[in-house]
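Chain letters run A, B, ... following the sequence lines, proteins first and then strands; every chain starts at 1.
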There are 2 protein chains.
Amino acid sequence: MRSESREQVKALSLFGDMSEAAFERLLAGSYFQRFPAHVVLIREGDPADFLHVVVEGGVELFSDWRDRETTMSIARPVSTFILAAVIKDAPYLMSARTMEPSSILMIPSENIRAAMTADSAFSIAMVNELAVCFRGVVKAQKNIKLRTGVERLANYLLRLGAQQDDGGKVTIPIEKKTLASLLGMSPENLSRAFATLKPYGVDVDGAVVKFAANSDLKDFAKPTPLIDDPLA
Amino acid sequence: MRSESREQVKALSLFGDMSEAAFERLLAGSYFQRFPAHVVLIREGDPADFLHVVVEGGVELFSDWRDRETTMSIARPVSTFILAAVIKDAPYLMSARTMEPSSILMIPSENIRAAMTADSAFSIAMVNELAVCFRGVVKAQKNIKLRTGVERLANYLLRLGAQQDDGGKVTIPIEKKTLASLLGMSPENLSRAFATLKPYGVDVDGAVVKFAANSDLKDFAKPTPLIDDPLA
DNA sequence: TCCAAGACTTGACAATTATCAAGCCGAACC
DNA sequence: GGTTCGGCTTGATAATTGTCAAGTCTTGGA
């Protein structure tokens with residue numbers, strides 16, 4: 001790995017406080033690489049050879065069964081994916097592909113497991129990262145099981161609004177068909193869901209959606225931190 | 001805690017290899033208690049004061065939103081629940097109630113976090129437990145998003161068959177309405193789903209369900225280890 | 001500039017799932 | 001024994017969601 005990249009990686013501080021030597025051992029045999037959009041990085045069922053870290057861009061995690069496919073989540077900088085598979089030395093449960101040109105750091109699984117036994121600060125950092133991931137999936141599961149499609153969309157828009165804060169408008173950062181799959185509906189249904197939200201002050205123009213932050217939409221969506229707050 | 005209980009707890013080996021002293025510190029201020037059926041142990045949104053361990057019986061983890069409720073998972077001996085909340089010192093994302101008379105070990109969250117910083121074997125045990133939990137939710141999420149209700153039921157029956165191995169019949173260990181909620185459908189629909197599976201050799205009599213293990217049902221269900229194998 | 005591919009939308013229709021209502025049945029209780 | 005309650009099932013109906021089939025629009029390339 002180029003030393004320039006090495007510095008960039010170290011700045012991520014994903015791995016807790018590590019000694020210089022431990023850090024060096026961790027990154028031995030790693031790759032830090034740029035990929036174009038729409039490249040499949042890993043396929044579910046494959047052995048977990050590398051821990052992946054999204055440093056730049058965006059990665060879609062998805063799964064298949066028979067002839068169906070669904071988007072499980074979106075990984076944005078800086079976050080790891082498929083950490084659990086690496087730790088358990090088990091097959092990936094999800095596939096991953098870049099949505100845009102992306103920089104990905106790949107660390108050999110063996111290094112991760114070795115660093116955990118060697119460095120307790122590191123294993124604590126892993127516990128924390130995993131706990132965040134776990135709570136993320138639980139929230140997603142609650143979202144799917146407790147809400148209708150339209151309700152999921154409404155809350156998604158509010159979440160976007162909270163993180164973009166662009167004065168009454170948000171820009172959807174992914175393709176609509178990916179969003180549809182993430183929200184657990186067909187693309188056709190997503191279009192209709194937007195239409196359903198029109199009476200609540202939602203106005204769509206391509207990827208740009210206008211709505212008032214404290215509005216009818218919020219009354220309709222009834223967001224709760226236990227599902228919608230990414231930090232809680 | 002009675003020393004008898006203490007021995008029982010130590011035998012669980014949930015916590016990796018710990019020194020006697022560390023084990024003692026971990027359990028200080030813990031409770032090991034028997035509860036009757038249908039008692040709410042924790043409520044989502046509450047601060048995570050205790051890590052809970054199901055030692056005997058069965059616990060239903062469920063969530064609410066507005067006037068809806070859904071069963072998220074079933075915790076059986078010996079497993080922890082709400083570990084992630086404890087680690088992050090964050091509110092519980094799920095509520096929990098006993099389904100039957102159950103023995104529950106409750107360890108103060110503070111002890112868990114202290115043990116993690118003090119004992120690296122312990123934090124590695126926590127990483128592993130969390131990784132298993134994470135993969136469990138991911139599988140549940142795939143199950144919900146990729147399959148219809150009938151398909152989820154078929155695969156649930158096959159999973160029961162694999163773990164009970166009672167010669168062509170299984171006994172559903174939970175109430176049908178809980179099962180319906182776990183599978184993401186209404187109780188009425190669960191009844192109909194059983195009826196739909198009749199042509200595949202499924203025969204229901206109360207909680208007892210008969211079907212051949214290598215059968216039409218398996219052809220219909222198309223199970224995959226990446227969703228249905230609890231160990232993978 | 002034009003074309004081709006694919007994203008997005010809309011309408012018509014079908015499948016799936018939920019809701020409401022009624023009835024059956026077994027367990028718990030008096 | 002009789003009664004009540006709640007779990008479970010079934011039928012009828014409604015709501016939700018998915019599928020198929022256009023058609024529009026944008027984008028990228030020839």
Side-chain angles (χ1 to χ4, degrees), chain A residues 36-38 58 60 62 65-71 97 99-101 143-157 171-199 202-209 220, chain B residues 36-38 60 62 65-71 97 99-101 143-157 171-199 202-209 220-221:
Chain A
H38 307 301
E60 177 192 1
F62 64 100
W65 184 69
R66 301 184 65 171
D67 60 341
R68 297 167 219 166
E69 179 184 305
T70 191
T71 302
R97 67 184 154 224
M99 297 188 303
E100 325 150 18
N143 198 30
I144 288 277
K145 289 188 78 178
L146 289 167
R147 288 173 173 161
T148 66
V150 180
E151 288 165 345
R152 292 194 293 273
L153 174 60
N155 281 290
Y156 175 82
L157 292 174
T171 305
I172 300 175
I174 56 181
E175 288 193 356
K176 287 221 183 86
K177 67 169 182 173
T178 308
L179 175 58
S181 183
L182 183 66
L183 295 178
M185 59 176 103
S186 63
E188 293 94 329
N189 240 320
L190 178 60
S191 281
R192 292 183 187 111
F194 274 119
T196 306
L197 291 178
K198 198 158 197 178
V202 175
D203 209 65
V204 190
D205 180 23
V208 177
V209 183
F220 171 80
Chain B
H38 308 299
E60 177 192 0
F62 64 100
W65 183 71
R66 303 184 63 173
D67 62 340
R68 297 167 218 168
E69 178 184 305
T70 191
T71 302
R97 68 185 153 221
M99 296 188 304
E100 326 148 19
N143 198 29
I144 288 278
K145 290 188 76 178
L146 289 167
R147 288 173 173 161
T148 66
V150 180
E151 288 165 346
R152 292 194 292 274
L153 173 60
N155 281 290
Y156 175 81
L157 291 174
T171 306
I172 300 174
I174 56 180
E175 287 192 358
K176 287 220 183 85
K177 67 170 181 172
T178 308
L179 176 58
S181 183
L182 183 66
L183 296 178
M185 59 177 104
S186 64
E188 293 95 328
N189 240 319
L190 178 60
S191 281
R192 292 182 187 111
F194 274 119
T196 306
L197 291 178
K198 199 158 195 177
V202 174
D203 209 67
V204 189
D205 179 23
V208 177
V209 183
F220 171 80

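Closest approach of A:Glu151 to B:Trp65, counting heavy atoms only: OE1-CZ3, 3.4 Å. Pairing each heavy atom of B:Ile144 with each of B:Arg152, the nearest pair is O-NH1, 3.5 Å. The shortest non-hydrogen separation linking A:Thr148 to B:Arg68 is N-NH1, 3.9 Å. Counting all heavy atoms, side chain and backbone alike, B:Pro173 lies closest to B:Tyr156 at CD-OH, 3.6 Å.
With hydrogens and angles ignored, the 3.5 Å screen pairs a side-chain donor or acceptor of A:Lys176 with a backbone N or O of A:Gly206. In this structure, the side chain of B:Lys145 does not engage the main chain of A:Leu183 through any donor-acceptor pair within 3.5 Å.
Summarising the geometry, the separation between CE on A:Met99 and P on C:dA7 is reported as 14 Å, rounded to the nearest angstrom. Between B:Leu146 atom CG and C:dT16 atom P there is a gap of 16 Å when expressed in whole angstrom units. In this structure, CZ of B:Arg66 is placed 17 Å from P of C:dA18, rounded to the nearest angstrom. Atoms CD1 (B:Ile144) and P (C:dT17) sit 11 Å apart, rounded to a whole Å. If you measure from atom NE2 of B:His38 to atom P of D:dG6, you get 12 Å, rounded to the nearest angstrom.
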Legend entry - Letter per nucleotide, 5' to 3', of nucleotides 8-20 of chain D [B base touched, S only sugar-phosphate touched, - untouched; heavy atoms, 4.0 Å]: SSBBB----SBBB
Inset, instruction - Kindly indicate, with the supporting measurements, whether the criterion side chain to side chain contact (heavy atoms under 4.5 Å, CB included) is fulfilled by A:Asp203 and A:Asp205. - result: CA-CA 7 Å; A:Asp203 209 65; A:Asp205 180 23; 5.7 Å; no
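Just one residue in the list A:Leu153, A:Leu157, A:Thr171 forms a side-chain contact (heavy atoms from CB on, under 4.5 Å) with A:Val209, and that residue is A:Leu157.
Remark on the helix from C:dT1-D:dA30 to C:dC30-D:dG1: inter-end axis angle 30°, axes from five-pair C1' superpositions, rounded to 10°.
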